[in-house]
Participant: 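This is the structure I have questions about; it appears just below.
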Amino acid sequence: RTTRRTRLTWAGQVLLEEARRIMAVVDQAKASVKSAAAGYRGRIRVGLSDGIPQTRLAALLAQCREEEPEVEICLTEVSFSELVRGLNDDLFDIGLAQSAEVGDGLVAEPIWFDPLVVAVPTRHPLLSYRRVPLDEVVRYPLVLCDLQVCEGFWQQLQRVLGTVNTRLTIADRVPTLDLMMALVAAGYGLGFSSLAKITGLNNPDVVARPLADCPAMLTTYLVRREGEPSEQLGRFIGRVIPADDQSCLDGQAQRLEIA
């Protein structure tokens, strides 16, 4: 403590993290009891990081409800760091993220591949390109994701932006794709996202254009703890990664993955 401000000591920071973890465990216990009282016979706790395309998530949830309606799927949106911590602390059973940098004790399997595109406002000069050169994109101000909220997505995008030597002009950093699209539509700058996400928002004032010189794919990973999953969790994983797709994932990852 100083005359100007008060801040936690290291011991206080440790205590705060442990208190948050304990409160999360208590909340999980309450949710489990409530779920059982509602008639569910199981729960799968899914952490979502970096945003998941609506169409993919909706299709997955619909399949889960159709095949195992007695199993409750509990979704929680968190940052990538919180997802990793939650998996290690047994607050989540599984996670979906755009980073494979999960550390010891966890495994990350590539499951979905979506084209990286540039979000361009209507009547913008770059719309003269069917595929936009990255060198041209970085000449304009950019509306980028918040580093903490979209940690995995930023790791993948950074590898693409690192191929050009131009100093980036960042108009703003935003926590959500909705806000990015609004700022792009208003002319504040250009944005980046996956084609699936931009298509899902269907903003008439924003056009998605692929990159010309470095066509890239954004990879979504299924993250879980090491070891054999339970039968219930294994069936969920089977819906995310159908058996027919398992054999070709390694080849796709080598060709398409940018992370």
Side-chain angles (χ1 to χ4, degrees), residues 46-60 75 77-81 83-84 94-102 106-120 126 130-134 137-138 142-164 168 170 173-181 184 189-203 206-224 240-242 245 248-259:
V46 183
L48 304 176
S49 172
D50 298 297
I52 301 298
Q54 296 178 17
T55 52
R56 291 190 185 277
L57 184 59
L60 174 60
L75 305 176
E77 286 192 294
V78 292
S79 69
F80 179 68
S81 298
L83 174 63
V84 171
I94 206 162
L96 300 175
Q98 290 189 327
S99 175
E101 298 179 10
V102 295
L106 301 177
V107 293
E109 306 171 62
I111 53 171
W112 298 329
F113 303 92
D114 294 296
L116 174 68
V117 296
V118 185
V120 184
L126 288 186
R130 283 190 172 275
R131 293 181 172 272
V132 187
L134 184 59
V137 174
V138 296
L142 301 176
V143 180
L144 300 178
C145 59
D146 183 276
L147 301 183
Q148 302 300 319
V149 177
C150 307
E151 187 177 343
F153 172 74
W154 174 244
Q155 289 174 6
Q156 297 195 49
L157 178 60
Q158 200 171 25
R159 291 184 177 94
V160 175
L161 295 176
T163 62
V164 294
L168 302 180
I170 301 176
R173 287 192 179 274
V174 296
T176 66
L177 180 60
D178 286 339
L179 184 53
M180 186 204 79
M181 293 286 279
V184 169
L190 307 177
F192 291 92
S193 187
S194 70
L195 179 60
K197 290 182 184 178
I198 291 182
T199 302
L201 290 178
N202 195 28
N203 189 319
V206 177
V207 179
R209 282 282 195 266
L211 293 171
D213 37 8
C214 56
M217 303 295 283
L218 293 170
T219 305
T220 299
Y221 298 88
L222 183 149
V223 186
R224 61 180 178 85
V240 180
I241 316 175
D245 294 342
C248 65
L249 273 178
D250 290 340
Q252 282 183 313
Q254 290 176 358
R255 295 192 304 270
L256 304 177
E257 194 179 347
I258 65 174

Participant: Report the distance from atom CG of Leu96 to atom OH of Tyr221, rounding to the nearest 0.5 Å.
Facilitator: 13.0 Å
Participant: Would you say the side chain of Gln54 lies within less than 4.5 Å of the side chain of Leu201, judging by non-hydrogen atoms?
Facilitator: yes
Participant: May I have the step-by-step check of side-chain hydrogen bond (donor to acceptor under 3.5 Å, both in side chains) for Glu151 and Ser81, ending in yes or no?
Facilitator: CA-CA 8 Å; Glu151 187 177 343; Ser81 298; 2.9 Å; yes
Participant: If you round to the nearest 0.5 Å, how far is CG of Leu218 from CH2 of Trp112?
Facilitator: 13.5 Å
Participant: Work out which heavy atom in Ser79 is nearest to a heavy atom in Ser49; give both atom names and the distance.
Facilitator: C-OG, 3.7 Å
Participant: Considering only heavy atoms from C-beta outward, does the side chain of Leu116 approach that of Gln156 to under 4.5 Å?
Facilitator: no
Participant: If you take all heavy atoms of Ile198 and Ala208, which pair is closest and at what distance?
Facilitator: CG2-CB, 4.0 Å
Participant: Using side-chain heavy atoms (C-beta onward) and a distance below 4.5 Å, is Val184 in contact with Asn203?
Facilitator: no
Participant: Assess the residue pair Ile94 and Val240 against the criterion (side-chain contact (heavy atoms from CB on, under 4.5 Å)); give the C-alpha distance rounded to whole Å, side-chain angles, the decisive distance to 0.1 Å, and a yes or no.
Facilitator: CA-CA 11 Å; Ile94 206 162; Val240 180; 5.9 Å; no
Participant: Which pair of heavy atoms, one from Met181 and one from Ala119, lies closest together, and at what distance?
Facilitator: SD-CB, 4.5 Å
Participant: Does the side chain of Phe80 come within less than 4.5 Å of Val102's, by heavy atoms?
Facilitator: yes
Participant: Quick one: closest heavy-atom pair of Arg131 and Ala212, and the distance?
Facilitator: O-CB, 3.3 Å
Participant: Is there side-chain contact between Phe192 and Val160, with heavy atoms separated by less than 4.5 Å?
Facilitator: no
Participant: Starting at CE of Met180, measure out to CG of Leu190 and round the result to the nearest 0.5 Å.
Facilitator: 9.5 Å
Participant: Would you call Val223 and Val84 a side-chain contact if the rule is heavy atoms closer than 4.5 Å?
Facilitator: no
Participant: At what distance, to the nearest 0.5 angstrom, does CG of Asp114 lie from CZ of Arg56?
Facilitator: 4.0 Å
Participant: Could you tell me which non-hydrogen atom of Ser194 sits nearest to which non-hydrogen atom of Val117, and how far apart they are?
Facilitator: C-CG2, 4.0 Å
Participant: Between Leu83 and Val78, is there a side-chain heavy-atom distance shorter than 4.5 Å?
Facilitator: yes
Participant: Could you walk me through whether Val137 and Leu142 satisfy the side-chain contact (heavy atoms from CB on, under 4.5 Å) test, starting with their C-alpha distance in whole Å, then the side-chain angles of each, then the deciding distance to 0.1 Å, before giving a yes or no?
Facilitator: CA-CA 8 Å; Val137 174; Leu142 301 176; 4.1 Å; yes
Participant: Please report the closest heavy-atom contact between Pro175 and Cys150, naming both atoms and the distance.
Facilitator: O-SG, 4.4 Å
Participant: Under 3.5 Å, side chain of Asp50 to main-chain N/O of Gln98, donor-acceptor pair present?
Facilitator: yes
Participant: Applying side-chain contact (heavy atoms from CB on, under 4.5 Å), run through Leu157 and Leu144 and close with a yes or a no.
Facilitator: CA-CA 10 Å; Leu157 178 60; Leu144 300 178; 4.2 Å; yes
Participant: Under the criterion side-chain contact (heavy atoms from CB on, under 4.5 Å), I'd like the reasoning laid out for Leu126 against Arg209: C-alpha separation, chi angles, the key distance, then a yes or no.
Facilitator: CA-CA 9 Å; Leu126 288 186; Arg209 282 282 195 266; over 6 Å; no
Participant: Just wondering, are more than 12 heavy atoms of other shown residues or ligands nearer than 6.0 Å to CD in Gln158?
Facilitator: yes
Participant: Is Leu161 close to Trp154 at the side-chain level, that is, under 4.5 Å between some pair of heavy atoms?
Facilitator: yes
